[in-house]
Each structure stands twice: as structure tokens, then as C-alpha cells.
Number of protein chains: 2
Amino acid sequence: MADVAAMAGVSHQTVSRVLNDHPNVRAGTRDQVLDAIRKLGYRRNRAARALATSHSSTIGILTIGSEFFGPQSTVLAIEAAARAQGYFVTVTALDRYDAYSASEALNHLVDQGVEGVVMVAPFEKVIEALDDAGLTIPVVVVAARTNVPDADPAHYVYVDQREGARQATGHLLSLGHRKIAHVSGPTGWFDATERQIGWQEKMLEAKAPIIEVPAESWQAQSGYEAGKRLVDSVRAGEVSAVFAANDYLATGVLRAFWEADLEVPTDVSVIGFDDLQISNFLIPSLTTVRQPFRDVGHAALTELLDGATADKTPKVIVPTLVIRASTAPPKSS
Amino acid sequence: MADVAAMAGVSHQTVSRVLNDHPNVRAGTRDQVLDAIRKLGYRRNRAARALATSHSSTIGILTIGSEFFGPQSTVLAIEAAARAQGYFVTVTALDRYDAYSASEALNHLVDQGVEGVVMVAPFEKVIEALDDAGLTIPVVVVAARTNVPDADPAHYVYVDQREGARQATGHLLSLGHRKIAHVSGPTGWFDATERQIGWQEKMLEAKAPIIEVPAESWQAQSGYEAGKRLVDSVRAGEVSAVFAANDYLATGVLRAFWEADLEVPTDVSVIGFDDLQISNFLIPSLTTVRQPFRDVGHAALTELLDGATADKTPKVIVPTLVIRASTAPPKSS
DNA sequence: CGATGCAATGTTAGCGCTAACATTTTGTGA
DNA sequence: TCACAAAATGTTAGCGCTAACATTGCATCG
């Protein structure tokens, strides 16, 4: 900076003023300074700036360390939005989904000096770690948490999973199904819980039977195993439709039914959740619930930056049902 | 820090020494200091530290802004490895895949003060932007680039795409196929080019015909369109197997063949590339080439941190063929 | 034409830490 | 017991920037 000042024939403070768009700088002076900056290829030292202003212009994202479609899309959207606002983004992924890993990760971010944190980790234990962390910086949580403690200072942004599950179940009910099994997501995940509740609510409203097959993970493998367990029930006419907690699970279910020579949707309907890129190209193409992850990412960043506003109401985004070929009216038996 | 020093009854410099594991500190003093740190909940200010040491302990990752399986897995692996080494990671995603976006993104990272950059963006234009950027910090590129200029100071780490394509093609040839069409990836991507070359090399060696159907994107939609264009050739016996440039494309191809009542693998074999989580559960389960992205991430970080070593030989990681149910010997016609 | 006021620029201090050197304490051997 | 070295601790300066105040330049008006 001193070099730039010398070259432009001004004081370092004037250079600083130019850099910070201070109004009281003559146009001619400004040009000289900018010229010198260009000629010298000068870049401001961010550490010094952060030290002097006590602003790091950095936000932290804590996410889960797996290749899940939803969190990943959300993280990308947050990053893009943050960059547009002149913020830097530091990402930390969790090794394991427990409170210890989570507080380690949070520490890592706080050590880094972030001004705020977005947690894209819809796993219960992880979010609970936050309640104990006692952070003094703004926090936005992207998770459909319903039992938020009053004392929790975090802001919440999420897609209404329960509503999505109600849409999916409602679609099957309106087709005439009543024996709708739910392949539920793994325990500990908000999304799994909410989807299960939405399905169950709708089923109880319709006075339909509750048939739940829990999956051990979100992976297709678990869906496949759940599907195999459902084959006999389908054959026996005890299940005419399956609502899988996400599209990976649905893919596994489709596969299991195919292996058992059960035709979808003739013998049994299948519906998923997420709308992956490939869901339209599965055999048959998958009816599912689409989540607008980009919107979630944007909303999360907005919430973080405008966090001063006292409005702590969760920002809820509504998913949409995408009807394709894996659902049809039940066989008239 | 001054508070800690006062509480422990030492000078701030002694606190600094404790924090930096300096050897010349008496055990008792160290304990007092650590105690004071704990009691006060003191955290070092990273900006000040960075300013004093001129080390930011931050590395930048530049990646593409889409939900692709490979880059995402690689980024996660790099982040985990970096954190284990005490580094912070700043991620920037590209809005568009052109040189301008790329240099903007690089500037963003350099402004942030990163000590090194890993580019996980196997797109030609993006990498070319790097050659002009004239960065003075270490750079590792994760991309199967073959025409690296001598002057290019970057280190390269990648999975041998060409070899993977040769494995895939070789597998089909050894099953007895000769009319193997390639649904090639979009132009501008190193991976697409390399896979195309690997396939072509192997086909020329076998004196087999070159039938290529270019896809416009990496998405299943493009694979579907390519598959539809191949249906007639398959029916006419002009194509007995398809090597799709990735598993999304392969999914689309499978779907197109299914719609046309072509059975896989009886009527036509299909092979993909990447080994997605769901590839084993497609109908039929997909033979594909698995890429060890975790290894790539680790190798990239190692290369970045040990970059001082003069050895600029690219680190090449070999993929493995995963044989499943979508490939079989051709119909004896 | 000089007083006045504001715009433009300069000067000084300090953000919180570490490096380098200065000083004090401790331990050792003759 | 004292000199001496080595270990332990303290003191000072400065990393590169911005905030706050000080000064200068310049236009305006009676």
C-alpha cells in the first residue's frame, strides 16, 4: 500500500479511501491511485483489513460429509449468494453425525473467525450440539426442526417436509390407494421424521392402515432391502402403494419389485421424494416431490445477513409434487 | 490475550509461546496459562495471527457449480484432508464455465489470501484461464489434462480416464462385441475427451468401427436423446453395445432402450462411467467404471502442501471396472 | 480581499498477534 | 560460594490496514 501511495504521490490513507469508496476524494486523485494500483498489481491484505475493522467478511457453512443431493445443492446456492454479496465462504463437512463432531466443526469455523454460520445438516444430534455451543455469532439452520427451544437464537429455513409427505400421500389416496406403506428414512434425521409424520397424519385422516418399513440409510441399498421385505405384502394385496422417503430409496424399491416381477405402477405404485436429475429416467419414471434447494440456499443467506431483524419465524418453503409414471390407481381386485 | 496474560501472571508473549507449543516454557507456567485460557474462553484472533506470520492457513477450492458426483466427492475429500492438517478451506463455485468466470473466481480466492488453490473443474476453458492468471501461489489441478504447457507451474492429479475407457471398451470387446457405440460427453470437458480417446484407441486396435453419438450435457436427458438416436442402429444390428461417457448418460440410454422394447443386455449391452450410488440398482444394474474420488482428494491436498518438491509429474490414479448385469455377449445373429 | 467553512488530504495510533532481541532466573561445576 | 551457561520470561517493534483527528487547500460571500 505504501508503494501505491508513493507512486500516486499521495498518503497511504488516501489509497485506503479510494479502496473503500470514500466520497471525499478528488476524481483526479482517485484515477492516479487506481492507476498505480493497476500498475503495481496491488491487492489489499485481507488479514490486515480484518484486523483493523474486526470484520472477516467470511461466513461458515457446516454440512454433512456425504454426497447427498439436497445438502449439496443448498450449499452451492448459499455459496453463490454469499459471493454475490462480497462474502467469503468456508465450508466444513462432518466426519460423523454426532454432537462431538459437530462442536468440533463449529469450533473450527469460529476459530476461522466467521461472522455467521449456516448449518446444512438436517441431523438431530448435530443441531442439538448447537444449542450447547453458545455461539455469539448469527446462526441459520437449514433443517425442518419442530421442537426448537425458546432459547435457541438460531434462525431456521427449511422446505416443509411434512407438507411434501402429505402431498405425496394425498396423491396416492386420491388415486384410490388405501394400503400405502412408507419406507421411512433413517432415525435421527429431521427430514425422515417429518416425512413420516406427514404420511402418518394423512393416513390417519383417511383412516387408512399404518404400514411402515424403516430404512437404515438414505441409500438405494436400504431401499432395496425394504422393497424386498414388502414384496410378499404386495403379492398378498396388503400393500398397493409405497411412499419412499427419498428417491434413492425409491430406486431401490423399484429394483426390488422388478426382481420380484411386480410391475410398477400396475401391481403397485411407488412415489419418492427429492426429484433427482435421473428420477425422470428410471423405469418407470418416478413420481416424486421436488424441493427447491436453490431457494433454500438463498433464503438461508438472506436470513443470515439480515439476522439482526428480530423476526425469528422459520422461513418455510413449499415443495411441489411431480407426477410421473410410477403411480396409478390400484388394481381392482 | 492480554487478559489471559494478566490472569496467568505472565507476559502476553509467554501466552503466545504456550499457544505455539514453544519448547522453552516451564510446565507449571504452561498449565497456568492454559487454565486462564480455559477460564476466559479465549480464542486466538486469526486475522492478527495471519498478519503477523503472513500465513493464512487457508486453501481455496475452485469447483464447478453443479451437482456432479465426481467433483463433489473430490471436494469433500480435500476438505476433510485439509482440516486434518489444520487448514481452512474456502470454496468457490463457478457460475459459468468460461475463462472470465474462472479468473473472477480465482481472484476471489486470491483476495481471500489463500495459500494455495485446488481446481476441481475438469473443463478446458476453466483451466486455460489458469495459465494466464500468473498466480504466485501453488496450484493443483484435478483434471485429466494432457496438453499441459511446459511453463504451467500447476501440479496435476487425476483419475486416468483414458485407461478407464479402455477397460470399459476392452470388457465389451472381450465379450465378443465389435459394434460398440460411444455416447460421448459434452465438448470442453477433459473427461469427455479422454474417455472418447480411450474408447477410440481400443476400437482402432481391434479394427472395430467407430460409431459416436455426442451428448450435449452430462445429464440423463442427453443420454436419453442419444439412446433414442441409437435405437434403429441397434435394431438393424449395426450396434450391439453402448459405452456411455458417464452413469447419468447410461441411465438415459437404458431408459430409451426400455421404451423401444430393446432388452439390456440381451439385445444390447450398456456400460457407464463413475459408479453412482444407484448404479447397482438400475434396471438392469449397470456395469461401469469406478473412480476413487476420495483418493483423488487426498492426493490433491498432499500435492498442494508438498508442492515445494520439484516433482511435477502428474499423479495418476487408476479406476476399476465394475461388472454388473448390463453387459453380456452379443446375440449370435 | 479577508474571514469562513467545507472538501481534500495527511498524520498518528492501534487492531492482536509473533519475531527478535533483552533480561532475568535457574541450575551446574570448580 | 561464585562464575557461567542455558532455560525461562519479558520488552519492543512491526505485520498492513482503517479510524479518528489534524491540517491544508480552495471556493464562497459579505
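Lettering of chains follows the sequences in order, A, B, ..., and the numbering in each one begins at 1. No hydrogens, no waters, no symmetry mates; every other heavy atom, side chains included, goes into these values. All figures in this text were calculated on a predicted structure; none of them were measured in a lab.
When the shell of 6.0 Å around NZ of B/Lys315 is examined, it contains more than 12 heavy atoms from other residues, nucleotides or ligands.
Comparing B/Ala48 and B/Pro23, the nucleotide of DNA chain D nearest to each residue sits closer to the 5' end for B/Pro23. Residue order along DNA chain C, read from the 5' end via each residue's closest nucleotide, puts A/Arg26 first among A/Arg26 and B/Ala52. Nearest-nucleotide positions on DNA chain C place A/Ser11 closer to the 5' end than the other of B/Ala2 and A/Ser11.
When the side chain to side chain contact (heavy atoms under 4.5 Å, CB included) test is applied to B/Asn20, the partners found at least two apart in sequence or on another chain are B/Ser16, B/Arg44, B/Arg49. With sequence neighbours excluded, the residues forming a side-chain hydrogen bond (donor to acceptor under 3.5 Å, both in side chains) with B/Asp111 are A/Arg43, listed by chain and number.
Judged purely by distance below 3.5 Å, without hydrogens or angles, the side chains of A/Arg46 and A/Thr58 pair a donor atom with an acceptor atom. The closest side-chain donor-acceptor pair between A/Tyr97 and A/Ser66 falls under 3.5 angstrom.
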Exercise for review: Under the side chain to side chain contact (heavy atoms under 4.5 Å, CB included) rule, what do A/Phe69 and B/Glu67 come out as? Steps first, then yes or no, please.
Suggested key: CA-CA 7 Å; A/Phe69 179 68; B/Glu67 296 88 357; 4.0 Å; yes
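Among the atoms of the strands shown, base atoms are found under 4.0 Å from some heavy atom of B/Arg17. Contact annotation for A/Asn45: backbone-only contact, meaning every heavy-atom pair under 4.0 Å involves sugar-phosphate atoms and none involves a base. The residue B/Ser54 sits apart from the nucleic acid: no heavy atom pair falls under 4.0 Å.
Read 5' to 3', the first and last nucleotides of DNA chain C with an atom closer than 4.0 Å to a heavy atom of chain A are C/dA8 to C/dG16.
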Hey, can you pull the donor-acceptor pairs under 3.5 Å for the side chains in residues 82-94 of chain B, sequence neighbours left out?
unit_1: B/Arg83; atom_1: NE; unit_2: B/Glu79; atom_2: OE2; d: 2.9
unit_1: B/Arg83; atom_1: NH2; unit_2: A/Ala93; atom_2: O; d: 2.5
unit_1: B/Arg83; atom_1: NH2; unit_2: B/Glu79; atom_2: OE1; d: 3.0
unit_1: B/Thr90; atom_1: OG1; unit_2: B/Gln112; atom_2: NE2; d: 2.6

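Of the possible donor and acceptor atoms, none in the side chain of B/Glu115 sits under 3.5 Å from a partner among the backbone N and O of B/Ile59. The main-chain N or O of B/Phe293 is never found under 3.5 Å from a side-chain atom of B/Ser73 such that the two would form a donor-acceptor pair. A side-chain donor-acceptor contact under 3.5 Å links A/Lys312 to the backbone of A/Asp152.
Summary of helix geometry: the two end axes of the helix from C/dC1-D/dG30 to C/dA30-D/dT1, each defined by five base pairs via their C1' atoms, are inclined to each other by 40° (rounded to 10°).
Near-neighbour residues of DNA chain D inside residues 29-39 of chain A, defined by a heavy atom below 4.0 Å, are absent.
Screening B/Asp191, B/Ile317, B/Val316, B/Val296 for a side-chain contact (heavy atoms from CB on, under 4.5 Å) involving B/Tyr158 leaves a single residue, B/Val316.
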